[in-house]
There are 2 protein chains.
Amino acid sequence: MSPRIGLDLPTLLQTATEIADQKGMEAVTLASLAQKLEIKSPSLYNHVNGLNGLRTKMAIFGLEQLHHTLIHAANGRSGDVAIRAMSRGYVTFVRSHPGLYEATLQAPDPSDPEVQQAGKPIVDLVLQVLEPYGLNEEESLHITRGLRSLLHGFASLEQKGGFGLPLNRDESLDLLIETYLAGIQAKKSKY
Amino acid sequence: MSPRIGLDLPTLLQTATEIADQKGMEAVTLASLAQKLEIKSPSLYNHVNGLNGLRTKMAIFGLEQLHHTLIHAANGRSGDVAIRAMSRGYVTFVRSHPGLYEATLQAPDPSDPEVQQAGKPIVDLVLQVLEPYGLNEEESLHITRGLRSLLHGFASLEQKGGFGLPLNRDESLDLLIETYLAGIQAKKSKY
DNA sequence: TTGCCGAAACTAATGCCATTAGTTATAATA
DNA sequence: TATTATAACTAATGGCATTAGTTTCGGCAA
């Protein structure tokens with residue numbers, strides 16, 4: 001009940017990730033992946049549903065890795081301390097896995113159930129960390145969305161070389177986070 | 001000193017923009033553009049330096065359009081009012097020109113002088129609008145970077161269907177902006 | 001041990017794409 | 001009217017994804 005030993009999905013994804021991180025997601029082709037794995041590209045269809053299938057699997061894989069990183073960064077903490085740690089973790093992840101992070105946002109169909117399911121734990125983690133702020137459910141969701149926007153925006157612009165100015169980027173990130181946290185406090189005290 | 005009348009760059013860019021906005025940037029190929037213009041694809045090389053050249057020109061064009069939108073939105077105002085208006089303008093632009101906005105961030109070489117030069121007026125506009133906050137130069141730059149991160153992040157995630165939850169997106173945006181503005185005020189009063 | 005079977009590799013072929021080289025046609029100028 | 005520069009064209013190449021059909025081999029059952 002088992003064929004030639006050959007290739008398994010984890011090593012396939014790992015190899016694809018290496019290409020993505022080194023040369024960008026656009027360099028991840030079935031041809032380049034097959035070459036690195038020392039097989040012919042049609043053979044990849046035994047493991048993955050074409051290029052779109054590969055991209056979908058990479059998106060899911062990337063979301064899982066990101067979630068793992070964030071869990072580790074938050075490490076049971078909550079509130080401001082946790083948000084600072086998670087934010088650093090998020091940006092560090094993107095810096096060390098630029099291609100895999102790119103894959104995360106490049107799923108051929110973002111509404112794919114498996115992709116959605118891979119993203120959900122991340123949202124849940126942030127919601128959990130926000131609990132001590134005593135926001136109602138809807139507010140929490142908005143604030144979570146905002147935090148994700150801000151982290152994604154920063155990381156994405158940094159990755160794409162969008163920050164032209166000669167200005168320390170870690171300082172920008174810290175100030176951005178602190179400003180957002182201060183804003184949450186300021187708005188909270190208005191009730 | 002002039003040949004067959006043929007095609008000019010503005011209509012070429014406009015046509016490319018239509019494809020991008022309707023089907024996404026990945027659908028902008030020399031083949032699809034040539035077909036829509038009713039010419040053969042090699043003829044495009046008379047106007048544009050291959051696909052990379054087209055992408056570069058689209059990035060510049062998109063930045064100019066975005067700048068125009070923001071100028072119009074700010075309309076001489078400054079401070080919180082201007083930032084709210086510009087933020088709405090930014091997101092509205094991305095919603096109505098998703099492909100062109102995508103092009104903006106997909107320049108083959110973001111450090112290309114022409115691309116940098118097209119982005120600079122946007123940064124300058126934001127800096128100008130931030131003047132009444134009385135921040136020093138470095139703070140202003142960090143805050144500008146933060147605002148851009150947050151707007152890009154929100155717009156980009158929204159565009160890519162990254163917001164899975166059934167939650168009003170305009171409310172998320174408003175809260176995000178208000179929180180950031182509140183944060184700026186809160187941090188400012190600490191001095 | 002031997003034979004079967006399924007899975008994973010393969011080869012061959014197709015069609016789309018970008019790109020290059022070389023050619024033709026035309027509009028303005030001299 | 002003849003020249004010239006420019007923008008269109010055709011033809012050809014090579015890389016890519018994808019499909020169809022074939023071969024090979026590891027494990028399980030007889």
Side-chain angles (χ1 to χ4, degrees), chain A residues 1-61 99 102-103 106-109 112 115, chain B residues 1-61 99 102-103 106-109 112 115:
Chain A
M1 194 103 111
S2 63
R4 209 179 303 195
I5 311 167
L7 190 56
D8 61 348
L9 202 56
T11 60
L12 186 153
L13 284 174
Q14 187 188 326
T15 306
T17 298
E18 285 172 17
I19 299 174
D21 286 341
Q22 286 167 15
K23 306 187 185 174
M25 200 50 193
E26 90 169 19
V28 178
T29 64
L30 294 185
S32 67
L33 177 56
Q35 190 185 10
K36 193 158 187 175
L37 291 168
E38 294 181 301
I39 61 177
K40 305 294 175 180
S41 60
S43 306
L44 288 170
Y45 284 77
N46 288 314
H47 300 274
V48 139
N49 188 13
L51 187 59
N52 278 349
L54 173 63
R55 287 178 175 156
T56 302
K57 287 211 187 306
M58 286 183 77
I60 295 165
F61 180 62
E102 216 182 333
Q106 214 162 309
D109 176 16
D112 179 306
V115 176
Chain B
M1 193 104 111
S2 66
R4 207 180 305 195
I5 309 166
L7 189 58
D8 62 347
L9 202 57
T11 61
L12 186 154
L13 284 174
Q14 187 188 327
T15 306
T17 299
E18 285 172 15
I19 299 174
D21 286 340
Q22 286 167 14
K23 306 188 184 173
M25 200 50 194
E26 91 168 17
V28 177
T29 64
L30 294 185
S32 67
L33 178 57
Q35 190 185 9
K36 194 159 189 175
L37 291 168
E38 296 180 300
I39 60 177
K40 306 294 175 180
S41 61
S43 307
L44 288 170
Y45 284 77
N46 288 313
H47 301 274
V48 140
N49 189 13
L51 187 58
N52 278 349
L54 174 62
R55 287 177 175 156
T56 302
K57 286 209 188 306
M58 287 183 76
I60 295 166
F61 180 61
E102 214 182 334
Q106 214 162 310
D109 175 16
D112 179 307
V115 175

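Proteins come first, then strands; the chains are lettered A, B, ... in the order of their sequence lines, and each starts at number 1.
When the side chain to side chain donor-acceptor pair (under 3.5 Å) test is applied to A:Thr11, the partners found at least two apart in sequence or on another chain are A:Asp8.
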Each nucleotide of nucleotides 12-18 of chain C classed B (base within 4.0 Å of a protein heavy atom), S (only sugar-phosphate) or -, in 5' to 3' order, makes B----SS
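Taking only side-chain nitrogens and oxygens, A:His47 comes nearer than 4.0 Å to OP1 or OP2 of C:dA9. Between B:Ser43 and D:dA7, a side-chain N or O to OP1/OP2 separation shorter than 4.0 Å is absent.
Rounded to whole Å, the distance from CG on B:Leu44 to P on D:dT6 is 18 Å. The separation between B:Ile39 atom CD1 and C:dA25 atom P is 18 Å, rounded to whole Å. Atom CG in A:Asn46 sits roughly 16 Å away from atom P in D:dG21 (whole-Å rounding). Rounded to an integer number of Å, the gap from B:Glu38 CD to D:dC9 P is 10 Å. In this structure, B:Leu7 places its CG atom 17 Å from C1' of C:dA25, rounding to the nearest Å. A straight line from CG of B:Asn49 to C1' of C:dT20 spans 12 Å, rounded to a whole angstrom. As rounded to whole Å, 12 Å separates atom P of D:dC16 from atom CG of A:Leu33. One interatomic measurement links the two molecules: NZ of B:Lys40 to P of C:dT20, which rounds to 20 Å at whole-angstrom precision.
Within the 3.5 Å criterion, the main-chain N or O of A:Val28 finds no donor-acceptor partner in the side chain of A:Ser32.
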Criterion side-chain contact (heavy atoms from CB on, under 4.5 Å) on A:Val115 and A:Asp109, from CA distance to verdict: CA-CA 8 Å; A:Val115 176; A:Asp109 176 16; over 6 Å; no
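Residues B:Leu44 and B:Leu12 are in side-chain contact: their nearest non-hydrogen atoms beyond the backbone lie under 4.5 Å apart.
Few gaps surround NZ on B:Lys36; more than 12 heavy atoms of other groups in view lie less than 6.0 Å from it.
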Donor-acceptor pairs under 3.5 Å, side chain of residues 48-58 of chain B to any protein atom, not counting sequence neighbours: which ones?
residue	atom	partner	partner atom	Å
B:Thr56	OG1	B:Asn52	O	2.9

